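Computed from a prediction, not measured in an experiment: that's the story for all the values here.
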Amino acid sequence: MDAYLHASPEVQLLARKIDLPSRFLRFGITDLTRQNLKAVQPILQAHLNGLSARFYDFLRRFPETERIFQNHDSDVIRQHLQRHWLRVLQGHYDDEYVIAALTIGHVHYKAHVSPPMYIAGYNYFLSSFLQVVTTDYRGSDFVAATGSVSKVILFDMSITLTAFMVSALQGDQRD
């Protein structure tokens, strides 16, 4: 698996323990979920650049996250963020996705992002994506579309937070 070659040893080990079919079942990720995502993805993708820019404005209001951004290129971080959300919204979750999501959680843990701030970031995107769907989606099943967006965002958060929590429980040193 090529995805494993570039991942840290911690992430590689954890990725092998992730049971995707079980997570799909827990979060209700089905073929219908993926079809619904396919219908709303173009709308969300059209708004992603603006949402990402406003997300970093939101984060800079907090001393915890402002400190983190002092040493990083915001444009590079935003590109990674957008690439991740596009992957999540495509509905294709495989080993590469798992490695990427776990790496994101591990990196945020190492960067001293607190769990409440991390979850606030997910809240920002969940709320923003649902607002976009509410405003712009013209499909026949609005409830299913918003439900599918919610499912995959929370599913993704469950994967990234797994790395975050395991790192903390193992006492991994933060940078």
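- Checked against side chain to side chain contact (heavy atoms under 4.5 Å, CB included), Asp31 has the following partners two or more places apart in sequence or in another chain: Arg34.
- Listed by chain and number, the residues in a side chain to side chain contact (heavy atoms under 4.5 Å, CB included) with Asp94 are His92, Glu96, Tyr97 (sequence neighbours excluded).
- The minimum heavy-atom distance linking Arg60 with Thr65 is given by the pair N-OG1, 4.2 Å.
- The aromatic rings of Phe155 and Phe24 are tilted relative to each other, their planes meeting at an angle between 30° and 60°.
- Considering only residues two or more places apart in sequence or on other chains, Tyr122 meets the ring pair (Phe, Tyr, Trp, His ring centres under 6.0 Å) condition with Trp85, Tyr118.
- Atoms CZ and OG, on Phe55 and Ser128 in that order, are 9.5 Å from each other to the nearest 0.5 Å.
- The minimum heavy-atom distance between His112 and Glu64, with the atom names listed, is O-OE2, 3.7 Å.
- Residues passing the side-chain hydrogen bond (donor to acceptor under 3.5 Å, both in side chains) test with Asp141, sequence neighbours excluded: none.
- Contact detail for Phe164 and Gly105: the closest heavy-atom pair is CD1-O, 3.5 Å.
- Pairing each heavy atom of Thr160 with each of Ala101, the nearest pair is CG2-O, 3.1 Å.
- Among residues two or more places apart in sequence or in another chain, the salt bridge (charged side-chain N to carboxylate O under 4.0 Å, His left out) test is passed with Arg23 by none.
- Atom CZ of Arg16 sits about 9.0 Å away from atom CG of Asp95, to the nearest 0.5 Å.
- Minimum heavy-atom separation, Thr146 to Val143: OG1-O, 3.0 Å.
- The side chain to side chain contact (heavy atoms under 4.5 Å, CB included) test applied to Thr30 returns Leu32, Thr33, not counting sequence neighbours.
- Scanning both residues, Phe142 and Thr134, for their nearest heavy atoms gives CE1-CA, 3.5 Å.
- In this structure, OG1 in Thr135 is found 5.5 Å from CD in Gln131, a value given to the nearest 0.5 Å.
- Residues forming a salt bridge (charged side-chain N to carboxylate O under 4.0 Å, His left out) with Arg78 (at least two apart in sequence, or on another chain): Asp75.
- Contacts of Phe58 classified as ring pair (Phe, Tyr, Trp, His ring centres under 6.0 Å), with partners at least two apart in sequence or in another chain: Phe62, Tyr124.
- Atom CG in Leu81 sits 8.0 Å away from atom CD1 in Ile104 (nearest 0.5 Å).
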Show every donor-acceptor pair shorter than 3.5 Å between a side-chain atom in residues 37-48 and any protein atom, with sequence neighbours excluded, or say none if there are none.
{"from": "His47", "atom 1": "NE2", "to": "Asp136", "atom 2": "OD2", "distance (Å)": "2.7"}

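- Remark: Ser52 pairs with Gln82 by the side-chain hydrogen bond (donor to acceptor under 3.5 Å, both in side chains) rule, at least two apart or across chains.
- Partners of His80 according to the side chain to side chain contact (heavy atoms under 4.5 Å, CB included) rule, which considers only residues two or more places apart in sequence or in another chain, are Val76, Arg83.
- To the nearest 0.5 Å, atoms CG (Leu14) and OG (Ser8) are separated by 9.0 Å.
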